[in-house]
Amino acid sequence: MHQYIKEIGQHEGKQATLKGWVANIRESKTNIFVVLRDGTGFMQCVIGLDDVGEAQFEAAKRLSLESSLALTGNIIKDERQMGGYELQATSLEVYGYAKDYPIKVNENEHGVRHLADRRHLWLRSKRQWAIMRVRNEIKMGIHEFFQDRGFMQMDAPIFTGNACEGTTTLFATDFFGDEAFLSQSGQLYGEAMAMAQGLIYTFGPTFRAEKSDTPRHLAEFWMIEPEMAFYDNEMNMDLIEAFIKHVINRVLEKCKVELEALDRDTEALAKVNQEFPRVAYTDSVKILRGEMEVNGKNAIAVQEADLAAAKQGIEDNLKDIAERETAIKAGMKKGARKFNEAKIAALRKEIAIMEEQVRNIPKWIESARNFKDGEDFGGSDETVLTRVFDSPVMVYNWPTKIKAFYMKEVEGDPDHVKGVDLLAPEGYGEIVGGSERETDIEILLRKIKEHELPMEEFEWYLDLRRFGSVPHAGFGLGLERIVRWCCDLDHLRETIPFPRRYGRLLP
RNA sequence: GCCUCCAUAGCUCAGCUGGUUAGAGCGCCGGACUGUUAAUCCGUAGGUCCUAGGUUCAAGUCCUAGUGGGGGCGCCA
């Protein structure tokens, strides 16, 4: 029987055995300091020559990054250590030595390609460990939220015969001689189940064959889609807001160590604990164009300020780098020189990011200024819009022509439908998309034709309207997108263990 | 699909307007030293400067094409 780092506090002053891998190691003549990771956490273990004897000490000297071993020793409190405890080894057993581990302790010292090619190993890194733990906690939070409210989890099929929003972006497969598609949404099946169970949610994988090589797209991702009988869009929005608050607060409460490891600004996350602004699409267009202010903030002006700040930042960093370089040339001690060299490297990285901003922000401003009422928001438009808010925003009543066929028209305004998108703050964009569903079979028939969808494949769906049609609503949440926001990641590729995206199938 | 930036050591990068023998940090290996926290110090090894053409007395550096990658946009959650 061995113990786990997460619960090691219970063994303070006693002997314990830990089994894990070397996450970091420092050697000296008489002591070897191993930072052990066992999946539940990270902890420093000290192997002293006098404590373990010469033979075991020699074995320990051959340890390197990611070697696996069991360590037995005394658990002592040490405030200086992460987690607050340390193991002082009395014996050890090596399972497997690792040589030339290709990923450094600080994963930021690698390019994305190098890491992505080694995803199976990269998952061991501390940041990735933290992300996967947050992902797990979000999933638990999702189930908790819905189960506590009487929702039943249902499994929608993955092979589907019909496309709910057009076939251009589906992966086609052979299903015993018939063409089948990998599901792009479980919603239509969710609606059927809601008519049987009242309150349901699906939680499954979803596939999109879009050649979208962006930080916010995957070809395979996980979606949560609740569907509620007897809900209108107001109730839908209330549920979305309560849901997001629940999930984020659970992560804030249960993932303190992980968020710390990710260097996540938890105060910004905690801003979900205010009422989410609800903005009609037509108003959001005005805000985006800079024609309407929010809390004294103008969307265009915010972008212009960002642009000016980036330009100034580049100048400042260049000046800083030049000063440090002259100082280094003039001569300084090795320690000071290394410090300055590291600083220069960091400043250069900042410059590269700011240069991208200088290149991109003018395009974003252009796009926002010229945005036409009736169009869908692009990625940059979402960023520009959400920057004037510090909490998630709900945009509702969207133009009919850019939304799916099943969304219910606003009474007396057929040009708009009762859809709602939740946009995350800090530039993370759309997290949730939902709507009240159309209940009138005549309107549905018309829309399926207008969208040029194959009517015969929707016959079963139309039955839901033929036999006791009721008002109902639902939404879809992209799991990876909320993970990205929670962890403050610049790309979706880190939010899922083995990302499947355009150009990436291995490992 | 479009726009844009980039490709130099195992990794991350520097190399100004072309100019002799291409550099640093980290990692590896060897050594010293230390209750160390991305430890520190000394030393060794390690490069066909992505590929193919071109300009030039001279190309890592300039030009063209190709290949590969980053970022942005489009399409979308």
Side-chain angles (χ1 to χ4, degrees), chain A residues 23-35 42 44 46-48 64-65 78 80-82 86 88 99-118 126 165-166 168-169 184-185 187 206-219 221-225 321-322 325 328 333-335 337-342 344-346 348-349 352-353 355-364 366-367 376-383 402 404 421-424 428-434 475-482 484 490-492 502-503:
Chain A
N24 204 348
I25 186 162
R26 290 174 281 275
E27 276 180 51
S28 77
K29 203 165 206 168
T30 53
N31 280 316
I32 296 168
F33 300 92
V34 170
V35 176
F42 293 75
Q44 174 159 292
V46 188
I47 301 167
S64 52
L65 226 51
D78 185 342
R80 291 170 301 178
Q81 304 307 333
M82 174 175 59
E86 180 180 271
Q88 296 194 313
K99 267 275 173 265
D100 295 326
Y101 187 67
I103 298 177
K104 296 185 189 192
V105 172
N106 178 5
E107 64 176 65
N108 292 325
E109 287 182 41
H110 293 288
V112 290
R113 178 80 189 270
H114 182 87
L115 292 169
D117 284 344
R118 295 160 183 79
K126 196 169 182 184
E165 297 173 31
T168 52
T169 60
Q184 66 175 175
S185 164
Q187 183 198 314
T206 310
F207 309 88
R208 303 279 166 94
E210 295 145 6
K211 292 181 177 174
S212 308
D213 190 10
T214 85
R216 51 186 194 285
H217 290 92
L218 293 170
F221 62 100
W222 289 71
M223 200 150 63
I224 298 89
E225 297 179 284
I321 288 172
E325 278 177 341
I328 289 171
K333 284 187 179 170
K334 180 140 187 189
R337 200 187 77 212
K338 275 176 111 170
F339 173 81
N340 278 291
E341 279 168 354
I344 287 170
R348 282 207 171 103
K349 267 193 181 150
I353 293 166
E355 280 174 343
E356 288 285 354
Q357 289 178 330
V358 170
R359 272 192 290 271
N360 292 325
I361 292 176
K363 289 188 250 170
W364 297 359
E366 187 73 5
S367 162
D376 203 356
F377 293 147
S380 70
D381 300 323
E382 285 176 355
T383 305
I402 60 167
D421 280 5
L422 180 116
L423 307 178
Y428 284 111
E430 186 179 350
I431 300 283
V432 168
F475 62 89
L477 168 89
L479 178 65
E480 286 73 21
R481 287 191 173 176
I482 197 170
R484 180 182 174 212
D490 50 23
H491 205 293
L492 233 44
Y502 185 59

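Order of the sequence lines fixes the chain letters, A, B, ..., with proteins taken first and strands second; residue numbering starts at 1 for each chain.
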Using the [atom1] atoms only, state how far [M] lies from [N], rounded to an integer number of Å.
N     : M     : atom1 : result
B:C49 : B:U61 : C1'   : 10 Å
B:C16 : B:A22 : P     : 15 Å
B:U64 : B:C3  : P     : 15 Å
B:U56 : B:G70 : C1'   : 33 Å
B:U12 : B:C50 : P     : 14 Å
B:A59 : B:G15 : C1'   : 14 Å
B:G1  : B:A45 : P     : 48 Å
B:G60 : B:U48 : P     : 14 Å

Counting only side-chain heavy atoms from C-beta out, which of [options] sits nearest to [X]?
X      : options             : answer
A:Q88  : B:G35, B:C5, B:C11  : B:G35
A:E109 : B:G35, B:C26, B:G72 : B:C26
A:R216 : B:G35, B:G72, B:C76 : B:C76
A:K363 : B:G35, B:G72, B:C75 : B:G72
A:V112 : B:C11, B:G70, B:C76 : B:G70
A:R80  : B:G74, B:U37, B:C26 : B:U37
A:K29  : B:C33, B:C11, B:A38 : B:C33
A:H217 : B:C75, B:G72, B:C11 : B:C75
A:H114 : B:G74, B:G35, B:C11 : B:C11
A:R348 : B:U36, B:A14, B:G72 : B:A14

Side-chain donor or acceptor of [X] under 3.5 Å from a matching atom on the base of [N]?
X      : N     : result
A:E356 : B:G70 : yes
A:E107 : B:U12 : no
A:Q44  : B:U36 : yes

Any base atoms under 4.0 Å from [X], or only sugar-phosphate, or nothing? Heavy atoms, all strands.
X      : result
A:D117 : nothing
A:E355 : nothing
A:P102 : nothing
A:D213 : base
A:G111 : sugar-phosphate
A:L218 : base
A:Y101 : nothing
A:S367 : nothing
A:N106 : nothing

Approximate separation, where rounding is to 0.5 Å, of A:I25 CD1 and A:I47 CD1:
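Spacing of CD1 (A:I25) from CD1 (A:I47) equals 6.5 Å.
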How long is the straight-line distance from CD1 of A:I431 back to CZ of A:R216, given to the nearest 0.5 Å?
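Rounded to the nearest 0.5 Å, the CZ-CD1 separation comes to 11.5 Å.
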Can you check whether A:Q184 reaches A:E210 side chain to side chain, under 4.5 Å on heavy atoms?
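Answer no - side chains too far apart.
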Could you check if a side-chain atom of A:E430 sits within less than 4.5 angstrom of a side-chain atom of A:E382, using non-hydrogen atoms only?
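Yes, their side chains come closer than 4.5 Å.
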Backbone N/O of A:P102 and side chain of A:H114: donor-acceptor pair under 3.5 Å
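A pair under 3.5 Å: yes.
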Would you call A:E366-A:K363 a salt bridge at under 4.0 Å N-O?
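Looking at A:E366 and A:K363, the cut-off is not met.
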[N], OP1 or OP2 - any side-chain N/O from [X] closer than 4.0 Å?
X      : N     : value
A:R359 : B:U4  : no
A:N24  : B:A39 : yes
A:R113 : B:C6  : no

Nearest whole angstrom, please: distance from the C1' of B:C76 to the CD of A:E480.
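Checked: the CD to C1' distance equals 14 Å.
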May I have the distance from A:I321 (atom CD1) to B:C16 (atom P), rounded to whole angstrom?
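Rounded to whole Å, this separation is 15 Å.
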Atom CG of A:D490: over 12 foreign heavy atoms under 6.0 Å
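No, because the 6.0 Å sphere around CG of A:D490 holds 12 heavy atoms or fewer from other groups.
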Would you check, one step at a time, whether the test side chain to side chain contact (heavy atoms under 4.5 Å, CB included) holds for A:F221 with A:R208?
CA-CA 9 Å; A:F221 62 100; A:R208 303 279 166 94; 3.6 Å; yes
